[in-house]
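Per chain, numbering begins at 1; letters A, B, ... match sequence-line order.
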Number of protein chains: 4
Amino acid sequence: MSSASNQKHTAILDAAYELFGSGGFYETKMSEVAEQAGIAKGTVYLYFKSKEDLFMAVTRRDCEGFLLQLQERLKASDTLASKLSIIAKHHLNYYYERKRHTKLFFRAPNNNPELVAYMTQFMEQYMQDVVKVLLEGGASEPELMAQSYIGMLDRLKMDILFDPSFTEEDAYKRADFAAGLFIRGAMIT
Amino acid sequence: MSSASNQKHTAILDAAYELFGSGGFYETKMSEVAEQAGIAKGTVYLYFKSKEDLFMAVTRRDCEGFLLQLQERLKASDTLASKLSIIAKHHLNYYYERKRHTKLFFRAPNNNPELVAYMTQFMEQYMQDVVKVLLEGGASEPELMAQSYIGMLDRLKMDILFDPSFTEEDAYKRADFAAGLFIRGAMIT
Amino acid sequence: MSSASNQKHTAILDAAYELFGSGGFYETKMSEVAEQAGIAKGTVYLYFKSKEDLFMAVTRRDCEGFLLQLQERLKASDTLASKLSIIAKHHLNYYYERKRHTKLFFRAPNNNPELVAYMTQFMEQYMQDVVKVLLEGGASEPELMAQSYIGMLDRLKMDILFDPSFTEEDAYKRADFAAGLFIRGAMIT
Amino acid sequence: MSSASNQKHTAILDAAYELFGSGGFYETKMSEVAEQAGIAKGTVYLYFKSKEDLFMAVTRRDCEGFLLQLQERLKASDTLASKLSIIAKHHLNYYYERKRHTKLFFRAPNNNPELVAYMTQFMEQYMQDVVKVLLEGGASEPELMAQSYIGMLDRLKMDILFDPSFTEEDAYKRADFAAGLFIRGAMIT
DNA sequence: AATGAATGAGTTTTCATTCAT
DNA sequence: CATGAATGAAAACTCATTCAT
């Protein structure tokens with residue numbers, strides 16, 4: 001049971017990730033999710049109690065993966081510079097891999113307090129992970145620093161999402177640029 | 001026509017800005033916009049051909065105001081550092097003033113190519129304005145620099161939007177922090 | 001407006017009366033009501049906010065007619081006996097005229113407190129009308145008397161509803177029987 | 001089979017009686033019946049072929065009990081007056097005991113010919129039982145008499161069902177009132 | 001006999017948009 | 001230009017019933 005059950009649970013999440021990600025929350029129909037998952041409409045409701053609930057689950061799985069992977073990768077390095085580089089690469093690489101599922105980030109169900117709360121908490125967690133790195137480097141105002149760094153990365157990811165010709169290579173270059181800029185500043189005048 | 005017509009046009013835009021901004025695109029009904037504007041439902045369609053069209057117009061007006069105001073403010077200063085400071089202050093102040101209308105930025109109609117195109121072009125224009133400032137300072141890779149700066153600011157704005165106790169004062173402090181970080185870097189290690 | 005509006009309002013009530021009455025609440029679809037009324041589905045909702053609301057309105061109109069007509073008819077008579085006869089004839093005649101719409105009484109939406117409240121109040125009003133008549137005749141325990149009389153009539157109506165060969169003539173005979181029985185008793189042993 | 005099977009059969013009927021009675025046919029879910037009966041959903045269908053079938057069975061069991069008990073009680077008395085009293089007490093007491101399960105009588109599945117047929121037959125049987133008593137007293141028009149008496153009782157039961165403060169004592173008083181009224185009439189004017 | 005996961009038909013309601021006045 | 005009554009497409013969700021185990 002638990003295995004079969006899990007299989008279907010996962011199939012639904014995968015289908016929903018695909019459709020929410022490429023089409024957006026409002027544009028995706030539950031019947032499409034069911035079809036994509038290869039099951040009946042009613043079955044989706046055996047695993048998720050509503051469309052919003054399903055969206056939350058998709059988001060949660062994705063965000064948790066993001067944080068887990070980040071922590072995993074950070075372990076592998078030691079210097080501050082390399083850690084900042086890893087953060088940047090992870091951030092950009094993450095979006096690079098999700099080029100085709102951008103709607104997940106931009107087109108969430110509106111006015112869902114639970115989702116807002118989760119995203120807030122996710123952002124906080126992400127920021128704290130960066131803060132920890134910065135503190136080892138003795139940064140002052142580490143929270144603003146962390147926010148700024150994440151912000152830089154977040155904007156740099158945009159081209160990835162919108163420019164189809166963007167390569168993974170390009171993503172890594174951008175990551176290094178961001179790390180450098182953050183550490184040394186623009187060094188102008 | 002022109003004056004009375006313009007008055008109504010503006011009233012609709014104001015109403016739509018208010019409602020889209022505080023409730024989101026999908027949650028706002030055309031009938032509510034009409035009511036808020038003090039006119040009949042059908043009349044809205046004399047000025048805007050669809051709900052999406054209206055949203056576009058609201059967005060466009062807001063973004064144009066953003067860019068115009070920025071250019072205006074930049075004229076008043078001369079050094080690179082002060083210009084960067086002005087950009088940051090303008091960015092954060094802009095969102096500070098729109099605390100109550102955040103949905104405009106997060107809850108747009110999905111899958112509207114025209115809107116995506118416009119936002120892309122707006123971002124490009126904003127970036128070019130920053131690029132121009134950076135070029136005067138002799139920056140290399142000015143586009144990436146500009147994106148990064150804008151990204152920093154964009155993330156720092158988040159607290160403004162989510163933290164109700166944020167003051168205008170706080171916004172300005174953040175702006176200076178951002179400008180400083182951008183110019184000198186984190187200066188760690 | 002008011003006239004046209006009223007026309008449509010009435011058309012919907014008539015259609016709903018017909019369909020709820022012959023098919024029952026749960027079996028009647030709003031789309032059928034609209035079709036029968038010769039309008040579009042959405043239009044029904046301009047006049048009644050929900051299916052239950054519509055059912056309430058149909059019921060209310062019918063019950064009010066019942067009470068008004070009764071009071072009208074009672075005015076035309078003076079002796080107690082004739083008044084009791086009128087009540088009986090009115091009761092049975094009322095159901096005779098609604099032979100084809102019995103579901104209205106048996107198949108209401110379940111668990112609708114508003115409807116239950118209204119029916120309770122209607123029954124109370126009906127009973128009070130009968131009580132008033134009985135009091136003029138100096139009856140003791142007039143409420144129980146009234147309830148009993150109404151009960152007799154209500155049961156006698158059953159054949160009307162279920163026996164298709166029942167004639168209006170038969171209904172009047174039954175009415176006289178009931179009045180006689182009520183006044184003089186079964187007179188057995 | 002017989003014992004275990006019967007046990008389950010009975011458990012389902014009990015559960016269904018409870019739920020249909022307190023919630024109504026349409027509001028009760030087969031899954032709830034199964035849960036209340038302590039078995040699996042599919043098992044219900046081994047004993048009853050459909051929800052309507054189950055409702056029929058619940059109704060049938062209840063009505064049969066009603067008639068059996070009535071006949072039992074009638075045996076214990078001999079005079080006409082005492083028999084009429086017993087009928088009244090039985091009728092009112094029956095509903096008194098079912099105060100919490102009134103939906104069974106008011107909220108049946110619509111448009112089920114089998115159920116309508118059964119209820120008709122039940123009413124006929126009940127009436128015939130009363131007719132038999134009346135005939136012994138030499139009544140004329142015994143069927144109309146019987147219907148009327150049952151009708152009186154049926155209406156008097158209403159307060160029992162709706163007035164929570166009603167006591168068993170009150171029920172018996174009402175029974176005597178009804179018997180008296182039926183035999184002697186209202187004795188007014 | 002018993003289970004409970006899976007099915008999918010079926011209906012209310014909303015709301016952007018139209019168009020006769 | 002302005003109105004607002006009328007339209008009807010569109011989708012989430014429920015739940016009786018089935019059937020493989």
Side-chain angles (χ1 to χ4, degrees), chain A residues 1-2 4-5 7-9 26-35 37-54, chain B residues 1 4-5 8-9 25-35 37-55 109, chain C residues 1 4-5 7-9 26-35 37-54, chain D residues 1 4-5 8-9 25-35 37-54 109:
Chain A
M1 177 182 76
S2 73
S5 168
Q7 241 171 256
K8 216 150 270 190
H9 188 94
Y26 287 100
E27 285 69 15
T28 298
K29 296 170 215 152
M30 288 298 261
S31 59
E32 291 170 346
V33 173
E35 195 183 16
I39 58 173
K41 210 179 346 162
T43 307
V44 177
Y45 287 90
L46 294 180
Y47 292 87
F48 301 92
K49 75 172 192 293
S50 70
K51 194 183 176 184
E52 296 211 343
D53 189 42
L54 176 56
Chain B
M1 175 180 81
S5 166
K8 222 154 259 189
H9 188 94
F25 178 79
Y26 287 100
E27 286 68 15
T28 298
K29 296 170 210 161
M30 289 297 264
S31 59
E32 292 172 347
V33 172
E35 194 185 15
I39 57 172
K41 215 185 327 174
T43 308
V44 177
Y45 286 87
L46 296 178
Y47 294 87
F48 302 93
K49 76 172 195 290
S50 70
K51 193 183 179 184
E52 297 209 342
D53 188 43
L54 176 56
F55 189 89
Chain C
M1 174 182 77
S5 167
Q7 243 170 255
K8 217 151 267 190
H9 187 93
Y26 286 101
E27 285 69 14
T28 299
K29 296 171 217 154
M30 289 299 261
S31 59
E32 291 171 347
V33 172
E35 193 184 15
I39 57 173
K41 218 180 335 168
T43 308
V44 177
Y45 287 88
L46 295 180
Y47 293 87
F48 301 93
K49 74 173 195 291
S50 70
K51 192 182 177 184
E52 295 211 342
D53 189 42
L54 177 56
Chain D
M1 174 181 81
S5 165
K8 222 153 259 191
H9 188 95
F25 178 79
Y26 286 101
E27 285 69 14
T28 298
K29 295 172 213 160
M30 289 298 263
S31 59
E32 291 172 346
V33 172
E35 192 185 16
I39 58 174
K41 213 183 334 173
T43 309
V44 177
Y45 286 86
L46 296 178
Y47 293 87
F48 301 93
K49 77 172 193 292
S50 71
K51 192 183 179 184
E52 296 210 342
D53 189 42
L54 175 56

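Of the two residues near DNA chain F, A:S50 and B:G42, the one whose nearest nucleotide lies more 5' is B:G42. The residue among B:K41 and A:L46 whose nearest nucleotide of DNA chain E lies closer to the 5′ end is A:L46. Projected onto DNA chain E by closest heavy-atom contact, A:G38 and B:T28 fall at different nucleotides, the more 5' of which corresponds to A:G38.
Rounded to an integer number of Å, the gap from D:Y26 OH to F:dT14 C1' is 15 Å. Here the C1' atom of nucleotide F:dT14 and the NZ atom of A:K51 are 17 Å apart, to the nearest Å. Atom-to-atom, CG of C:L54 to C1' of E:dT12 comes out at 13 Å; the value is rounded to the nearest Å. Residue A:K8 contributes atom NZ, which lies 12 Å from atom C1' of E:dG4 at whole-angstrom precision. Remark: P of F:dG4 and CD1 of C:I39 are 20 Å apart, rounded to the nearest angstrom. One interatomic measurement links the two molecules: OH of C:Y45 to C1' of F:dA5, which rounds to 18 Å at whole-angstrom precision. Rounded to whole Å, atom P of F:dA10 lies 12 Å from atom CD of A:E32. Atom CD in D:E27 sits about 11 Å away from atom P in F:dA16, given to the nearest Å.
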Trace of the side chain to side chain contact (heavy atoms under 4.5 Å, CB included) decision for D:L46 with D:K8:
CA-CA 10 Å; D:L46 296 178; D:K8 222 153 259 191; over 6 Å; no
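The NZ atom of C:K41 sits 11.0 Å away from the OG1 atom of C:T43 when rounded to the nearest 0.5 Å.
Remark: side-chain polar atoms of B:K51 are paired, donor with acceptor, to backbone N or O of B:F25 under 3.5 angstrom.
Of all nucleotides listed (E:dT3, F:dA12, E:dT13), F:dA12 comes nearest to the side chain of A:M30. Listed nucleotides E:dA6, E:dT3, E:dT14 differ in distance to A:Y47; the shortest reach to its side chain belongs to E:dA6. The side chain of C:K29 sits closest to E:dT11 out of E:dT14, E:dT7, E:dT11.
Residues satisfying the salt bridge (charged side-chain N to carboxylate O under 4.0 Å, His left out) criterion with C:E32, sequence neighbours excluded, are C:K29. Checked against ring pair (Phe, Tyr, Trp, His ring centres under 6.0 Å), C:Y45 has no partners two or more places apart in sequence or in another chain.
For the OP1/OP2 pair of F:dC15 and a distance below 4.0 Å, the side-chain nitrogens and oxygens of D:S31 include no atom meeting the criterion.
Smallest separation of non-hydrogen atoms from D:F48 and D:D53: CA-OD2, 3.6 Å.
Using a 30° and 60° split on the angle between ring planes, A:H9 and A:Y47 fall in the perpendicular class, above 60°.
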Would you write out the dot-bracket form of DNA chain F, 5' to 3', with Watson-Crick and G-U pairs under 3.5 Å, [ ] for crossing pairs, | for pairs to other strands and . for unpaired bases?
.||||||||||||||||||||
